[in-house]
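From a predicted model like this one, the values you see are computed outputs, not experimental measurements.
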Amino acid sequence: MIKTRFAPSPTGNLHIGGARTALFNYLFAKHNNGIFVLRIEDTDIERSKEEYTQDILEGLRWLGILWDEGPLFQRERMDIYREHAYRLLKEGLAYRCYCTPEVLEEKRKNALKEGKKPNYDRTCRDLNMEYPDRPYVIRFKTPLEGQVSFNDIVRGKITFNCEELDDLVILRSDNTPTYNFTVVVDDALMGITHIIRGDDHINNTPRQILIYKALGYSIPEFAHVPLIHGKDRTRLSKRHGATSLLEYKNEGFLPEALMNYLARLGWAYKDQEVFSREELIEKFDLSHVGKSPAIFDMDKLSWLNSYYIKNTDDRTIAKNLEYFLEKEGIAVDRKEKLIPVVKSLKERAKTLKEMASMAAYFFNDNIEYDEKAREKFLTPQTRDILESFLNGFKTLHTLDEASEKKIIEDIVRQTNKKVVDVIQPIRVALTGRTASPGIFEVIDILGRESVEKRIDRAIRWIK
RNA sequence: GGUCCCAUCGUCUAGUGGCCUAGGACGUCGGCCUCUCACGCCGAAAACACGAGUUCGAACCUCGUUGGGACCA
């Protein structure tokens, strides 16, 4: 049974990179009918915050990355780590180190001065006595020589020399375990078979493998996926913009679009660009994950989002639109307008937020005129056009495009103007802007009463 | 600085020794459509980092150089 996990530490929001790591783990597990576990690595009490945990959980739920087990919290498992640390101590695979931070700092400086590596010099490794009254840390006994290598699923064989690794601390003097130790204990105990994580962890892997071996647990498969970079080609961080996945939600992105985008960042399936969740699960594999870092490209995300807006059913979009309209403070009193509005706007909006701002004028007759639009199209010269249109419009028994068109064509003939010159003032009168869906569509959505009210208001405004 | 990793259009990528005159997508530019704005459609520019080798043949294999990144300090 395949088992993967996503193990963020709640020291920050869930960002794009973390979300993609989670996604790959989720897709790989689902593709193989396996289990996806969520584990919160909150051992760093200083920096871990409850709000970050919430952000992570909410972000994953929003994206639809649902976990089968968890969330497990490392803070509740401290005793387990301690037991493991003392077990290694008892078995002679770890040792007590009494060196104080000051001494260590001194040693590090000296080593550096002599041009040596600033590794711990293993003074306490072969100490055969205990000092019951002195504080100590527990260090792992790293083999003095030999190599550790592993077969990374995405990168192939990676080898490290043991001399490069020093005797890392597994339990601090305050009795708290360290990162490289807790991950191993947890992954082993939870039966994780495939560890898919960012390649910033490659350097940790050999130490972890050594710990697996010392503990007598079987070693999982590793797959290190490249990090996501910002435009400046460095690791994605706060200064690259969105710090939380939920900001994308608030900006009006569809979770399906973001998931699709994230999946294609570092992974490809031939020439295919658009994937539903089901298709991703069906087609995802680690062998087509790339090795080089990918740069986050807002333009492409934007394109995918508009694609998904166009191709998602109207009711779903309408529900979202309503949410965004209300968030912008626009009361949606006439809900029956929602679907028609979506129909005409889904081709034009790149995000739901943008759609809401384009939809605002449909829901309130007291529209605001865009300044430039007003100056250009609501003038004494266009008043006649508006009046003619209003008069003609009032005589209509039924509202249909053909007869509305006829009114406009008549005005065109009488005034000797171009169609566009007649329509634009009407458009501004009805929407307040120079750009909108087709004028007959707008009239249809607005309905007789609103149209007359708005044209009339524009005429009075000119006077 | 040490260790490890990486390298195809601006960006995401296809490519696993002959199918490559290097394909697709976003973006850019040009055109068509058109009541505005979009959508859509058509077209264009745009890449195998460099140098050696292996081979009949290399984007693909090997080595080196250069560049980039991550981790540790």
Trainee: Let me check something: any side-chain donor-acceptor pairs from residues 205-213 of chain A under 3.5 Å, sequence neighbours excluded? List them with distances.
Mentor:
unit_1	atom_1	unit_2	atom_2	d
A:T205	OG1	A:R197	NH1	3.2
A:T205	OG1	A:H201	O	3.0
A:T205	OG1	A:I202	O	3.3
A:T205	OG1	A:H224	NE2	3.2
A:Q208	OE1	A:R197	NH2	2.7
A:Q208	NE2	A:N180	OD1	2.8

Trainee: Please report the distance, rounded to the nearest Å, between CD1 in A:I228 and P in B:G68.
Mentor: 22 Å
Trainee: What nucleotide, of B:U3, B:C12, B:G24, holds the atom closest to the side chain of A:F160?
Mentor: B:U3
Trainee: Between A:K310 and A:V419, which is nearer to the 5' end of RNA chain B once each is assigned its nearest nucleotide?
Mentor: A:V419
Trainee: Identify whether any heavy atom of A:P226 sits under 4.0 Å from a base atom; if not, whether one sits that close to sugar-phosphate; answer base, sugar-phosphate or nothing.
Mentor: nothing
Trainee: Side chain of A:I439, heavy atoms from C-beta onward: which of B:C35, B:G10, B:A7 has the nearest atom to it?
Mentor: B:C35
Trainee: Out of B:C71, B:U11, B:C6, which has the shortest distance to the side chain of A:I295?
Mentor: B:U11
Trainee: Of the candidate nucleotides B:C71, B:U13, B:G24, which contains the atom at the shortest distance from the side chain of A:A294?
Mentor: B:U13
Trainee: Which part of the nucleic acid, if any, lies within reach of A:R155 when heavy atoms closer than 4.0 Å are counted: base, sugar-phosphate only, or nothing?
Mentor: sugar-phosphate
Trainee: Considering only side-chain heavy atoms of A:H229, which listed nucleotide, B:G69, B:C26, B:C39, is closest?
Mentor: B:G69
Trainee: When the P atoms of B:C48 and B:U65 are considered, how many whole Å apart are they?
Mentor: 22 Å
Trainee: Would you indicate, yes or no, if B:G15 has its OP1 or OP2 atom less than 4.0 angstrom from a side-chain nitrogen or oxygen of A:H288?
Mentor: yes
Trainee: Is a side-chain donor-acceptor pair under 3.5 Å present for A:Y26 with A:H31?
Mentor: no
Trainee: Between the base of B:G2 and the side chain of A:E164, is there a donor and acceptor pair under 3.5 angstrom?
Mentor: no
Trainee: Describe the nucleic acid contact of A:T159 in one word from base, sugar-phosphate, nothing, applying a heavy-atom distance below 4.0 Å.
Mentor: sugar-phosphate
Trainee: Could you tell me how far B:C56 sits from B:G24 if I compare only their P atoms? Round to whole Å.
Mentor: 34 Å
Trainee: Give one of base, sugar-phosphate or nothing for A:Y269, where a contact means two heavy atoms less than 4.0 Å apart.
Mentor: nothing
Trainee: Taking the side chain as every heavy atom from C-beta outward, state whether A:T178 and A:F181 have any pair of such atoms under 4.5 Å apart.
Mentor: yes
Trainee: Where the side chain of A:W303 is defined as all heavy atoms beyond and including C-beta, which of B:G24, B:A70, B:G27 is the nearest nucleotide?
Mentor: B:G27
Trainee: Looking only at side-chain atoms of A:D297, point me to the closest of B:U11, B:C4, B:C39.
Mentor: B:U11
Trainee: Strictly by modelled atom types, are A:Q147 and A:N161 linked by a side-chain donor-acceptor pair under 3.5 Å?
Mentor: yes
Trainee: So if I take every side-chain heavy atom of A:F440 and compare against B:C35, B:G69, B:C71, which nucleotide ends up nearest?
Mentor: B:C35
Trainee: For the side chain of A:I158, counting heavy atoms from C-beta on, which of B:C37, B:C4, B:U13 is nearest?
Mentor: B:C4
Trainee: Any strand counts, and the cut-off is 3.5 Å on both contacts for Watson-Crick or G-U wobble. Which nucleotide pairs with B:C4?
Mentor: B:G69
Trainee: Considering every strand and a 4.0 Å limit on heavy-atom distances, what is the contact class for A:H201: base, sugar-phosphate, or nothing?
Mentor: nothing
Trainee: With nearest nucleotides of RNA chain B determined for A:K270 and A:S292 from heavy-atom distances, which residue corresponds to the more 5′ nucleotide?
Mentor: A:S292
Trainee: Is A:R348 side chain donor-acceptor paired with the B:C37 base, going by distance under 3.5 Å alone?
Mentor: yes
Trainee: Do you see a donor-acceptor pair shorter than 3.5 Å between the side chains of A:K376 and A:Q424?
Mentor: no
Trainee: Using a 90° cut-off around 0 for syn, call B:C39 syn or anti.
Mentor: syn
Trainee: Confirm from the modelled atom types if A:R427 and B:C35 form a donor-acceptor pair under 3.5 Å, side chain to base only.
Mentor: yes
Trainee: Is the centre of the A:F377 ring less than 6.0 Å from the centre of the A:Y369 ring?
Mentor: no
Trainee: For B:G64, give the paired nucleotide (Watson-Crick: N1-N3 plus N6-O4 or O6-N4; G-U: N1-O2 and O6-N3; both under 3.5 Å), or none.
Mentor: B:C50
Trainee: Taking the six-membered ring of A:Y95 as reference, does the cationic atom of A:R139 (NZ for Lys, CZ for Arg) lie under 6.0 Å from its centre and within 45° of its axis?
Mentor: no
Trainee: Applying a 4.0 Å non-hydrogen cut-off, can you work out what A:G266 is touching in the nucleic acid: base, sugar-phosphate, or nothing?
Mentor: sugar-phosphate
Trainee: Just call it for A:L301: base, sugar-phosphate, or nothing, with non-hydrogen atoms closer than 4.0 Å on any strand.
Mentor: nothing
